[in-house]
Amino acid sequence: MSMVNPAPRRLGWLTVVLPLLTTHLCYLVSLWEGWIPPCNPYWSDCVSISSTGRNGSAYLLFKSGMLPTCLLLFLFWRHTLRWLAALAAPRHRAWLVLALLASLALATYTLTLGHGTGYFPVIRRTGVALFILGTFLLQVSVGDALYGSDRLAERGQRLLAMSTLILAIALLTLVLDLWLGPGYDRWENAFEWWLFLLLNLHLLGILRAWQVDPGEPSDKVRV
């Protein structure tokens, strides 16, 4: 195995770290400025990710961090697709289109955050839902492609296991919402933070897989 060249590796790390740094820094800034109450975002009775970037200095900070993240994510998936091509692992050209749509959805969510009038709330919720769905589908697709390869089946299995965990938590939130009713509101935001964290850790798993030397490139693309 050989390390991926420095430029894509820096891109990968920035893609993983920037959104996590942005959301947690916005939480601290909003807390310091008094926009949100002191609480543990990964536990009950706390605030949503969106609440950390709606007001004050965090409004600009959130957009300053998340808008570049939209571009970084698209470049991350583009490099991953090229890396899979070099490994001769199965992949689809449609994945790049899905990556673009997911990045645009995140940009839509980011730009509309902090605007609560008219259709903005609906557009914001649609944007974040499409981003999560698109990102999850891409992560499952990459994990499946690696699982079906000769060289990275074990890494693919780990990525699929993490995707299964993410899906299980998402389904659990639906069950708890139906079961607890209004009582689920105490935990909804915590689940949001955990899912966001796991989605980014999954990207870290893909980044670690980049360490494998792809060898000779392949032009075979499954369509």
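Residues take their numbers from the sequence shown, with the count starting at 1. Hydrogens, waters and symmetry mates are skipped; everything else that's a heavy atom, side chains included, is used.
Judged by distance alone, the side chain of Gln139 and the main-chain N or O of Leu199 form a donor-acceptor pair under 3.5 Å. Checking side-chain atoms of Lys63 against main-chain N and O of Leu113 turns up a donor-acceptor pair under 3.5 Å. A donor-acceptor pair under 3.5 Å links the side-chain atoms of His202 to the main chain of Leu159, judged by distance alone. Using modelled atom types, one side-chain atom of Trp193 and one backbone atom of Val47 make a donor-acceptor pair closer than 3.5 Å. One N or O on the side chain of Asn189 and one on the backbone of Cys46 form a donor-acceptor pair closer than 3.5 Å. Between the side chain of Trp194 and the main chain of Tyr42, a donor-acceptor pair closer than 3.5 Å is present.
You'll find the side chain of Thr52 stays beyond 4.5 Å of the side chain of Val29, heavy atoms only. Looking at heavy atoms from C-beta onward, Leu176 lies in side-chain contact with Phe191 at the 4.5 angstrom threshold. The side-chain heavy atoms of Thr23 and Phe62, taken from C-beta on, include a pair separated by under 4.5 Å. Using a 4.5 Å heavy-atom threshold, the side chains of Leu146 and Leu160 count as separate. Here the side chains of Trp187 and Thr173 are not in contact, with every heavy-atom distance at 4.5 Å or above. The side-chain heavy atoms of Tyr27 and Ile49, taken from C-beta on, include no pair separated by under 4.5 Å. Side-chain contact between Arg158 and Met162 is absent, with no heavy-atom pair separated by less than 4.5 Å. Taking the side chain as every heavy atom from C-beta outward, Cys39 and Asp45 never approach each other to under 4.5 Å.
The distance from the OG1 atom of Thr15 to the CG atom of Leu204 is 11.0 Å, given to the nearest 0.5 Å. Expressed to the nearest 0.5 Å, how far CG of Asn200 lies from OG1 of Thr135 amounts to 9.0 Å. In this structure, the separation between CG on Leu106 and CZ on Phe74 is 14.0 Å, given to the nearest 0.5 Å. Here the straight-line distance linking atom SG of Cys70 with atom CG of Leu75 works out to 11.5 Å at 0.5 Å rounding. With rounding to the nearest 0.5 Å, the separation of OG in Ser48 from CD in Glu192 is 5.0 Å. Distance check: Leu104 CG to Leu130 CG gives 10.5 Å after rounding to the nearest 0.5 Å.
Within 6.0 Å of atom CZ in Phe196, more than 12 heavy atoms from other residues, nucleotides or ligands are found, so the atom counts as buried in its surroundings.
No path of Ile, Leu, Val, Met, Phe, Trp and Tyr side chains, each step under 4.5 Å between heavy atoms, connects Ile132 with Leu111, placing them in separate hydrophobic clusters. Leu60 and Met66 are not part of a single hydrophobic cluster, where members link through side-chain heavy atoms under 4.5 Å apart. Linking Ile, Leu, Val, Met, Phe, Trp and Tyr whenever their side-chain heavy atoms come within less than 4.5 Å leaves Leu67 and Tyr59 in two separate clusters. Under the 4.5 Å side-chain heavy-atom criterion for grouping Ile, Leu, Val, Met, Phe, Trp and Tyr, Leu167 is connected to Val140 within one hydrophobic cluster. Linking ILVMFWY side-chain heavy atoms closer than 4.5 Å, directly or via other members, places Leu197 and Val16 in a single hydrophobic cluster.
Between Pro19 and Leu14, the closest heavy-atom pair is CD-O, 4.1 Å. When all heavy atoms are compared, the tightest approach of Leu198 to Ile169 is CD1-CD1, 3.5 Å. Between His115 and Phe120, the shortest heavy-atom contact is O-CB, 3.0 Å. For the pair Pro68 and Gly65, the tightest heavy-atom approach, listed with the atom from each and the gap, is CD-O, 3.5 Å. When all heavy atoms of Ala58 and Ser30 are compared, the pair lying nearest together is CB-OG, 3.3 Å.
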Apply side-chain contact (heavy atoms from CB on, under 4.5 Å) to Val142 and Trp77, showing your working. CA-CA 10 Å; Val142 172; Trp77 291 119; 3.8 Å; yes
Output, in order, the C-alpha distance, side-chain angles, deciding distance and verdict of side-chain contact (heavy atoms from CB on, under 4.5 Å) for Tyr119 and Thr112. CA-CA 10 Å; Tyr119 293 102; Thr112 54; over 6 Å; no
What verdict does the side-chain contact (heavy atoms from CB on, under 4.5 Å) test give for Leu138 and Thr80, after you've listed the backbone C-alpha separation in whole Å, the side-chain angles of each residue and the deciding distance to 0.1 Å? CA-CA 10 Å; Leu138 284 165; Thr80 300; over 6 Å; no
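Judged purely by distance below 3.5 Å, without hydrogens or angles, the side chains of Ser50 and Tyr109 pair a donor atom with an acceptor atom. Defined by atom type and a distance below 3.5 Å, a donor-acceptor pair is present between the side-chain atoms of Ser57 and Glu33.
The aromatic ring centres of Phe76 and Trp210 sit less than 6.0 Å apart.
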